[in-house]
Structure formats: structure tokens, C-alpha cells
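A quick write-up on the structure given underneath.
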Amino acid sequence: MLRKERSKQLQQSPAPTCPTPESGSSLPTRTGNLTAEPADPAKVSSRQRLELVALVYSSCIAENLVPNLFLELFFVLQLLTARRMVVAKDSDLEPTPGVLDSLESPLFQSVHDCVFFAVQVLEHQFQVLSYLDKGTLKLLAENERLLCFSPALQGRLRAAYEGSVAKVSLAMPPSVQAVSFQPETDNRANFSSDRAFHTFKKQRDVFYEVLREWEDRHEEPGWDFEKGLGSRIRAMMGQLSAACSHSHFVRLFQKQLLQMCQSPGGAGGTILGEAPDVLSMLGADKLGRLRRLQERLAAPQSSGGPCPPPSFPGCQGFFRDFILSASSFQFNQHLMDSLSLKIRELNGLVLPQPEPSDEDGEADVDWQGERRQFAVVLLSLRLLAKFLGFVAFLPYRGPEPPPTRELQDSILALRSQVPPVLDVRALLQQGLRAHRAVLTVPWLVEFLSLADHIVPMLDYYRSVFTLLLHLHRSLVLSKDGEGEMCFLNKLLLLAVLGWLFQIPTVPEDLFFVEEGQVDVFEMDTKTSEHGLFWPVLSPRMAVPVVDQHLLYTCCPYVGELRKLLAAWVSGSSGRSGGFVRKITPTTTTSLGAQPLRTTQGLQAQLAQAFFHNQPPSLRRTVEFVAERIGSNCVKHIKATLVADLVRQAESLLQEQLVTQRQEGGDPGQLLEILCSQLCPHGAQALTQGREFCQKKSPGAVRALLPEETPAAVLSSAENIAVGLAIEKACTWLSANITALIRREVKAAVSRVLRAQGPEPAVRGDRRGCSRACEHHAPLPSHLISEIKDVLSVAVGPRDPEEGVSPEHLEQLLGQLGQTLRCRQFLCPPAEQHLAKCSVELASLLVADQIPVLGPPAQPRLERGQARRLLHMLLSLWKDDFQVPVPLQLLLSPRNVGLLADTRPREWDLLLFLLRELVEKGLMGRKEIEACLDSLHEAQWPEDLAEELATLFNLFLAEPQVPEPQLRACELVQPNRGTVLAQS
């Protein structure tokens with residue numbers, strides 16, 4: 001049903017190819033000369049049926065069971081903006097035998113049904129809608145019908161619009177700029193003779209004459225490329241007889257292609273072409289408005305519908321017509337070889353990985369640069385692959401497929417023996433294994449879009465289409481887990497694959513191929529729950545390398561959704577708001593001269609002219625120096641200016657804390673007070689950044705450029721590097737220095753407040769040093785190391801003579817008490833570590849596992865010495881530690897298991913320690929019983945399990961045990977009454 005309705009809708013839309021609509025009842029129309037019929041939710045017929053169909057339809061879209069996601073969204077928006085229902089003529093209706101049942105009856109019987117169904121589908125597809133550009137979201141949020149049928153959806157769209165930053169600029173045609181002379185490849189040494197060298201120079205001049213004439217005349221009415229330039233191009237090709245001459249010209253042709261057509265329509269041109277006088281009048285602050293105005297006046301406003309056929313817009317048309325007019329087999333072959341080599345080179349790009357933030361902003365700057373580099377590489381690959389497909393399939397391309405099956409079979413048998421110009425199947429498999437589908441698939445789609453009707457039937461290319469089909473079905477947008485591809489990456493792949501599946505040369509039934517017809521390829525795959533295969537997921541796939549601007553650049557037909565909504569706004573109401581706005585004329589008479597901004601613009605133009613006449617390596621060196629010096633400047637500012645401000649914040653904080661203790665106050669307000677005092681000093685960062693860049697950049701340029709570089713060139717390069725570095729550093733500092741200072745001051749405040757501990761009312765008089773303290777206690781880090789050394793000796797001595805003296809243990813615990821009482825350098829994490837180490841030391845004392853230095857006859861501590869050390873630990877736990885002590889570890893299976901290694905086992909120290917913990921209030925009786933009871937869950941030897949059970953019974957029977965000397969033989973005696981009497 002939906003397929004029929006979409007056919008009817010597409011008949012009214014500007015799509016290039018439209019199927020014939022099936023006869024039925026009323027057809028919704030969007031013709032602009034008809035008054036829009038108001039849509040009313042109360043007049044919807046078959047509401048339950050429409051809801052059910054909308055749910056099924058949305059599920060098909062969500063599971064990628066439709067070829068083109070954005071074509072379906074375009075169809076839904078057509079239903080949303082339908083103006084009224086037009087009844088078909090009786091002569092157009094075909095009689096249907098029998099009575100129509102509910103499934104065969106028309107789905108949309110009124111405009112109210114169309115709008116209701118569209119709103120239901122849009123509610124299910126809100127996640128996709130939220131990633132559209134800001135203009136589209138605004139038009140949806142302002143749509144009156146959507147507000148009437150679903151205020152909740154309108155509110156969500158309004159929130160998405162307010163939080164969106166995805167502004168997409170229209171493509172602008174650039175001005176022609178010649179490729180600079182390449183001394184590495186274009187000098188005399190690279191040609192076979194002087195004649196060949198001079199011939200190439202002449203052909204280069206002819207090429208640019210042809211290009212500039214095309215730029216001047218191709219928009220004139222009646223001008224034809226073949227008539228105007230065809231003979232000159234063929235004469236130029238005829239003079240390129242030598243193979244090396246073709247190679248050099250192809251290199252020039254390819255570089256000029258990339259320079260002019262890297263983005264659709266050749267984005268990146270100068271404003272108002274060659275009109276510096278206008279720029280000087282307006283100034284740099286008006287250039288943004290001027291560019292937007294130029295986009296609206298000069299940029300193409302339509303891409304040919306939601307699924308346009310492959311085309312060569314803008315400057316791409318010149319290079320396509322040049323290839324057709326040249327009609328040179330040698331040129332085409334060299335061009336295919338060069339394009340294939342460049343595609344393989346760029347396709348090896350490793351996807352950028354965002355590094356963890358280092359708090360100085362350098363990672364953010366580098367990450368944005370890597371994303372821009374990825375976008376440039378992706379657009380270059382798409383452009384190169386499009387022209388490779390155009391040239392490779394040019395001999396076979398025709399307007400229609402072969403008329404008979406016999407002719408088709410003979411062509412298939414012949415072309416199946418021809419090897420592909422580029423092994424795209426291997427490159428696709430490599431991209432899937434390396435988790436680089438977001439880079440490989442878009443250019444592969446461009447390559448296949450120029451194929452002829454026979455290509456999808458060839459076994460080689462059919463396997464490629466099968467891989468792409470299963471990749472399309474596996475990119476479910478609702479899946480969002482660890483290792484999943486990020487949403488915009490998926491959306492880009494779905495957009496380009498959906499467009500490919502709708503191209504006329506691709507068979508319509510290819511998308512609905514049976515899953516059992518998949519060829520088996522040698523690639524690492526795993527089966528998903530739907531039976532589809534997909535490469536093993538990797539965190540690399542989750543890298544968000546695609547943004548909305550790149551999505552709309554690669555898929556300009558997505559912008560048709562915005563144009564459809566804009567047409568509804570301009571035709572349904574007379575308001576001037578929304579997308580269609582009035583262009584307000586302005587005057588330049590009140591604008592004063594701005595010499596600084598004009599000078600800056602002129603300097604940028606002079607820098608471009610300077611690099612144009614120099615080798616590319618010079619420009620790369622200068623840009624590299626500016627990149628690194630700008631990044632180092634940010635680090636320098638953080639290490640100097642920001643660090644000084646943090647030290648000032650710490651000293652001011654100490655003063656504020658003393659004042660607040662005397663007068664009373666809220667420490668939470670300290671951060672705002674300090675930030676208000678210190679953040680204004682961030683203005684010094686720009687001055688210091690300029691000084692740093694001016695000092696460091698010239699030396700770096702001189703170190704990297706050859707010593708033979710002329711002095712004038714070296715001086716200009718140094719000045720440009722200084723300017724670029726200052727621009728980079730100051731741009732980042734202006735936007736982030738206040739946040740950076742605030743973050744560092746906040747960290748310093750938190751650090752000082754943690755060292756001070758809780759509020760006086762909470763911590764009592766014990767927290768902090770006494771006034772008489774001289775802060776001579778050992779540092780917590782040194783004490784932690786000393787205790788860990790003792791623990792390591794107890795666990796496993798490195799030699800038989802290694803041990804610890806009792807005096808050293810008493811001295812160590814005394815130092816621990818000093819450190820806990822002098823809290824000048826003690827922070828909560830260190831105190832927690834000391835508490836855990838003290839519990840581990842007590843466990844080893846109870847188990848008698850500490851080797852003692854002394855005569856061989858006494859390898860262990862005496863009972864009295866062990867009790868004295870345990871008394872010291874109990875005192876520290878009760879009086880000095882201000883953090884929770886993990887005393888439960890004393891009865892953990894690991895520490896109790898230490899007693900299993902002693903022969904004979906003695907339990908008196910453990911009973912003594914448990915009794916003291918209860919008496920001093922460090923642990924409750926029920927807490928100890930729970931710990932002892934949990935010991936039964938562990939796997940113990942039979943004899944040790946019996947002893948633990950007896951120990952548990954003794955503790956329950958009499959908690960006030962007067963320190964008996966209990967041995968293992970006594971614990972397992974059958975006469976338990978004697979043992980209890982002795983206790």
C-alpha cells in the first residue's frame with residue numbers, strides 16, 4: 001500500500017524518475033496553486049489501522065528493510081505537507097473485480113489521514129530527525145500541522161533545534177586557480193628531450209586557456225563545449241605523443257581536478273570573486289553575512305530530488321566534457337592508472353583516534369585537525385572514484401540495457417573475462433576488516449554509480465553489491481553499544497548506500513535478494529542475530545569522524561527535506577519568518593575605514609600568492625611549524641601564567657579559610673570569589689602567546705628549511721609562520737583560557753579543602769595539627785613504603801637471614817602515630833592506604849608470620865611482644881585514624897588462611913584481638929559474628945574447618961576470654977566442657 005502511495009506522491013515531486021501510479025481513489029497533491037486544506041486530528045478515519053501501518057512501516061525503516069532511508073523520510077514529509085486530495089478521473093480508474101476488503105481499500109482517504117500517518121512515523125524516527133541540520137529542525141518545529149497532531153513531538157523537535165549546532169553551508173563555485181609548478185616532477189630532468197619539455201609547457205598553457213574560457217562562457221545561453229573548445233582540446237592531445245608527456249599532463253589534470261572540485265560544486269571560492277575594493281569597504285565583520293547572501297544568490301538550490309541520478313555539478317562538468325572531447329585512448333588509460341594509484345594511496349588512511357584530554361586543550365585542537373584531514377581525504381576519494389568510474393565504464397555506457405536476453409548473455413560472457421580496472425572487492429574487504437567502512441564505502445559508491453546496466457550482473461561486481469547490501473542491513477541505527485559504529489557514521493553509510501540502490505542502472509530486485517544467495521568470501525566475520533554477517537566490532541568504529549556538514553556535503557540530496565518544508569512554509573502562509581526570509585538591503589556609506597582588518601585580509605591574500613609560486617614542501621613546512629608552535633604556546637601558557645594564577649589561588653584560599661574560621665562562612669563560595677579575582681588576568685594570555693610565537697616560530701622555520709633558501713623567501717616564510725601560529729594560539733586561548741583557569745583553580749580549591757578535611761563541626765578537635773606541632777613527622781609516602789617493605793618480608797623473604805626486629809616494628813608504629821597526629825601532608829587517600837596496611841600488619845602478627853632478626857632458636861615474635869604491638873595498633877585505630885579502618889579484612893578468608901600455615905596452630909592472639917575490638921568499640925559483636933559465619937562459605941581443609949567452628953562457638957559462649965593459650969590439639973578435644981571451664 002505504501003509503495004503505491006509513494007508512487008503517487010513522487011508523481012507530484014521533482015524526482016527524475018517516477019513510476020506510474022496505480023489507480024485508486026483520491027491522490028494527495030502538493031501543487032502550490034491550491035489552497036492548503038486545514039488538517040484536523042478529529043477527522044482522521046481508520047485511526048487504528050493507520051497507527052498499525054505506521055508502526056510496521058517505521059519498523060521496516062528502523063531495520064533497514066527499505067532501500068533508501070531518506071527517500072522514505074521525503075515521502076513522509078510529502079504526506080505531512082500535502083495541500084489537499086485530488087480525485088482521479090473516472091477514465092483513469094481500473095475496475096477491480098470483487099469487493100474491496102480492508103487491505104485493498106485506499107489507505108489515505110483525506111489530508112487528515114496523510115498528516116496523521118506522517119506524524120506517527122516521524123515520532124518513531126525522531127532520532128534520525130534530531131541529527132538533521134539546524135534549518136530543517138526549525139522548519140519541522142514550526143510546522144503548524146505537526147504542532148496540532150503531536151505537541152509532544154513538536155516540543156522534542158524544538159529542544160533538538162535549540163541544542164543543535166549543525167549549520168550547513170551551501171556549496172559555492174570557486175574561481176579558477178592554476179596548479180603551482182612542481183619542481184620535483186615538472187623540471188627538465190623528468191622529460192626525455194628538450195622538445196618534450198617545451199611541448200608540455202605549451203600544452204599546460206593551452207589547458208589553462210581552455211579552462212578560463214570555459215569559466216567565462218559556460219553559463220552563456222547557447223554556448224556548447226564541443227563546438228567552442230573541442231577542436232583545440234583534440235589538437236592539444238595530438239601533440240602529447242610521448243608516454244611521459246601523457247603522464248605529466250595526467251598529473252596536472254588530476255591535481256587541477258582535486259583543487260577545483262574537492263567538494264560538491266567546488267566549495268571554497270573567494271567572496272565576490274575579484275572584488276577587493278568591496279571587501280575593504282565592508283570589513284571582516286561583515287564577510288559572514290556577505291557569504292551567506294552569496295550562497296543564496298549563486299549556489300544551486302536543488303540537487304534533483306531526493307534520489308538524483310549521478311551528475312557532474314559545477315566545475316566537474318568541465319573535466320567530464322574535457323575527457324569526452326579529447327577522445328584519447330592513451331589519455332584515458334594514463335588517467336585511469338593515475339586515479340587508481342591515488343585512490344589506493346588515500347584509502348590507506350588510518351582513522352583518527354581521539355586521545356584522552358590532557359586538560360590543556362592540545363588534544364582537542366589535534367582531534368579537530370584530524371577530523372578535517374579525514375573529511376578532505378574522504379571528499380578527494382569520492383571525486384577520484386567518480387571520475388575513475390566514468391572513464392572505466394565509458395565505452396560500455398548506454399541509455400538503456402540490452403534489448404534481448406541473448407545479446408545480454410553474450411555481453412556478459414565477453415565482459416566477465418575483462419579484469420576490473422581497480423580491485424574494489426579486495427579494497428572493500430580490507431576496509432571492513434580494518435573497520436574503515438566509513439572511509440571506503442562512500443568512494444566505492446561513487447565508483448559504482450557510474451557503472452552501466454551490465455556491471456551489476458557480472459559475478460565480480462555482484463559480489464561487491466552483495467557485500468554492500470549486507471553491510472546496509474547490519475547498520476541498524478537503534479543499536480548503541482560498546483564497539484558500535486557512531487550514529488552519524490552509520491547515517492552517512494546508509495545515505496550513500498540507499499542512493500546507490502535507487503540508481504536506474506542498479507536492478508530494482510537487487511536489494512531484495514534472498515539471504516541464502518550470498519557468496520562466501522574470505523573475511524573475518526561474525527553472524528548477527530539476523531543471520532547477517534558483519535566484521536568484528538572495534539572501538540575504532542565508534543570514532544565520530546563524520547559531522548552534519550560532511551554528511552550534507554557527501555549527500556546533498558538530504559537537503560531536499562529542508563527544501564520540501566521550506567516550500568510548504570512559503571506556500572501555506574504569508575509570514576516572513578522561518579526559512580524564507582526577506583533580504584534586507586544595507587548601505588556601506590556609514591561604514592568607516594578599518595585599516596587593521598583590511599591589512600589582515602590583504603596579508604592573507606599575499607600569503608596565498610607567495611605559496612602559489614613556491615614548492616609545496618615550503619607551504620607544508622610553514623603550516624607544520626605554525627601548528628606545533630601554536631600547540632606549544634598553549635602548553636607554555638598553562639605552565640607559566642595559569643600555574644602562577646593557581647599558586648595565587650592557593651595563597652588566597654588559605655587567607656579566606658582563616659577568615660571564615662574566625663567569622664564563619666560557607667567554603668563553597670570560595671571558588672566563585674577566587675575565579676572572579678583571577679579570571680580577568682587571563683587577558684594576559686593573548687599578549688604572552690603572541691610573544692611566544694614571535695620568539696619561537698622564526699627559529700623553527702630556519703631549522704626546517706634548506707640552507708640554500710633565499711633570504712627573501714626565508715623572511716616571508718618566517719613572517720607567515722608567525723602570523724599563522726599567533727592566529728591558531730590566540731583563537732584557542734580567546735575561547736578557552738577562562739574555562740582553563742576556572743578548571744585549574746577549582747582543582748586547587750578541591751585539593752586544599754580535601755587536605756583541610758571536613759568542617760570543624762564534623763571533624764571535632766582531633767582533626768588537624770595542634771598549635772605546638774612542628775611538622776617533623778615522617779611523610780605518608782615514606783611511611784607507606786616502609787610498611788610495605790615489612791609486609792613483603794613477611795610474605796616471602798628474599799633470603800633465609802632476612803627479617804624484622806621487634807624494635808623496628810615498634811618504631812614503625814610510633815612513626816605511624818606521629819604522621820596521623822601531624823596532618824600537614826596527610827590526605828584522605830594516603831590515610832586510607834595506611835589504614836589498610838596497618839590491618840594487613842595486624843593479620844600477620846596474629847598469624848605469627850613475621851620473621852624476626854635474632855638467634856636461630858627464636859625465629860618468631862614472643863607472645864608478649866606481639867600483644868604489645870597489637871595494643872599499639874588498637875590505640876592507633878581508635879584514637880588517631882580519621883578514616884574508616886577496614887577491620888573486616890582481619891577475618892577475610894585470605895588472612896585467616898595464614899593461620900593454616902602455622903604448626904601448631906595458635907588462636908589465642910586472634911581471640912584476644914577480637915575481644916579488644918569489641919571492648920574498644922571498633923567492631924560490633926554482631927559484625928564479628930557475621931564475618932566468622934561467612935568464613936564457613938569458603939573451602940577449608942577438614943581439620944581447619946573444625947577449628948574454625950570451635951573458635952566461633954568459643955566467641956559466642958564467652959566474649960570475655962582471659963587470653964588462654966589454645967592450641968590445635970585442645971580445640972578438637974571431644975570434652976568441650978573442660979575447655980569452657982578453663983576459659
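- For the atom pair CG (Leu129) and NE2 (His124), the distance works out to 12.5 Å, reported to the nearest 0.5 Å.
- Checked by atom type and distance alone, the side chain of Asn68 pairs as donor or acceptor with a backbone atom of Gly498 at under 3.5 Å.
- Between Leu550 and Leu379 the shortest side-chain heavy-atom distance falls below 4.5 Å.
- No side-chain heavy atom of Gln254 sits less than 4.5 Å from a side-chain heavy atom of Leu341.
- In Phe624, the CZ atom is not crowded: 12 or fewer heavy atoms of neighbouring residues, nucleotides or ligands sit closer than 6.0 Å.
- Using a 4.5 Å heavy-atom threshold, the side chains of Leu469 and Leu510 count as separate.
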**Asked** How far apart are the C-alpha atoms of Trp443 and Leu378, what are their side-chain angles, what is the distance that settles it, and do they pass the side-chain contact (heavy atoms from CB on, under 4.5 Å) test?
**Response** CA-CA 7 Å; Trp443 71 257; Leu378 178 60; 5.6 Å; no
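- When all heavy atoms are compared, the tightest approach of Tyr461 to Val455 is CB-O, 3.3 Å.
- Residue Lys386 holds its NZ atom at 10.0 Å from CG of Leu257, rounded to the nearest 0.5 Å.
- The minimum heavy-atom distance between Cys315 and Met260, with the atom names listed, is SG-CE, 3.5 Å.
- Between the Arg425 side chain and the Ser463 main chain, no donor and acceptor come within less than 3.5 Å of each other.
- A donor-acceptor distance shorter than 3.5 angstrom exists from the side chain of Arg436 to the backbone of Asn347, with no hydrogens or angles considered.
- In this structure, the side chains of Tyr208 and Gln256 come closer than 4.5 Å at one or more pairs of heavy atoms.
- Across all non-hydrogen atoms, the minimal contact from Ile61 to Val66 is CA-CG2, 4.1 Å.
- Applying side-chain contact (heavy atoms from CB on, under 4.5 Å) to Leu491 and the options Val546, Leu477, Val558 leaves one that passes, Leu477.
- Contact annotation: the side chain of Val421 never approaches that of Val391 to less than 4.5 Å [non-hydrogen atoms, C-beta and beyond].
- Heavy-atom minimum distance, Val496 versus Tyr557: CA-OH, 3.8 Å.
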**Request:** Kindly indicate, with the supporting measurements, whether the criterion side-chain contact (heavy atoms from CB on, under 4.5 Å) is fulfilled by Arg415 and Asp452.
**Result:** CA-CA 12 Å; Arg415 292 186 60 181; Asp452 58 283; 2.7 Å; yes
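- The side-chain heavy atoms of Glu72 and Tyr57, taken from C-beta on, include a pair separated by under 4.5 Å.
- Distance check, rounded to the nearest 0.5 Å: OG of Ser631 to CD1 of Ile629 gives 9.5 Å.
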**Message:** Working note: His470 + Arg473, criterion side chain to side chain donor-acceptor pair (under 3.5 Å); need CA distance, chi angles, decisive distance, verdict.
**Reply:** CA-CA 5 Å; His470 282 77; Arg473 292 183 179 175; 5.1 Å; no
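- Under the 3.5 Å distance criterion, the side-chain polar atoms of Tyr460 are matched with a main-chain donor or acceptor of Val424.
- Without hydrogens or angle criteria, Ser338 side chain to Leu335 main chain gives no donor-acceptor distance under 3.5 Å.
- The CD atom of Gln430 lies 7.5 Å from the CZ atom of Arg344; values are rounded to the nearest 0.5 Å.
- Put simply, the side chain of Arg397 gets close to the backbone of Leu450: a donor and an acceptor are under 3.5 Å apart.
- Put simply, the side chain of Tyr396 never gets that close to the backbone of Ile454: no donor and acceptor are under 3.5 Å apart.
- A distance of 11.5 Å separates CZ of Arg320 from CG of Leu394, quoted to the nearest 0.5 Å.
- Across Trp499 and Pro308, no two heavy atoms sit closer than the pair NE1-O, 2.7 Å.
- Closest of all the heavy-atom pairs between Ser130 and Leu137 is O-CD1, 4.0 Å.
- Between Phe322 and Phe207, the distance from one ring center to the other falls under 6.0 angstrom.
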**Request:** Would you please test Glu560 and Phe70 for side-chain contact (heavy atoms from CB on, under 4.5 Å) and show each step?
**Result:** CA-CA 9 Å; Glu560 292 295 318; Phe70 288 100; over 6 Å; no
**Request:** List the steps and the verdict of side-chain contact (heavy atoms from CB on, under 4.5 Å) for Phe611 and Val622.
**Result:** CA-CA 10 Å; Phe611 286 129; Val622 171; 3.9 Å; yes
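- For the atom pair CD of Gln330 and CG of Asn332, the computed distance is 10.5 Å after rounding to the nearest 0.5 Å.
- Using modelled atom types, no side-chain atom of Lys728 and backbone atom of Glu627 make a donor-acceptor pair closer than 3.5 Å.
- Proximity of a side-chain donor or acceptor of Ser340 to a complementary backbone N or O of Asp337 within less than 3.5 Å is not detected.
- For the pair Thr505 and Pro456, the minimum side-chain heavy-atom distance is 4.5 Å or more.
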**Prompt:** What do the steps show when you test Phe465 against Phe501 for ring-ring contact (aromatic ring centres under 6.0 Å, His included), and what is the final call?
**Reply:** CA-CA 9 Å; Phe465 277 101; Phe501 294 145; 7.2 Å; no
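- Inter-residue side-chain proximity for Leu384 and Glu446 is flagged as unmet; no heavy-atom pair is nearer than 4.5 Å.
- Of the candidates Phe319, Phe318, Phe387, Phe387 is the only one forming a ring-ring contact (aromatic ring centres under 6.0 Å, His included) with Phe312.
- A donor-acceptor pair under 3.5 Å is absent between the side-chain atoms of Lys342 and the main chain of Leu381, judged by distance alone.
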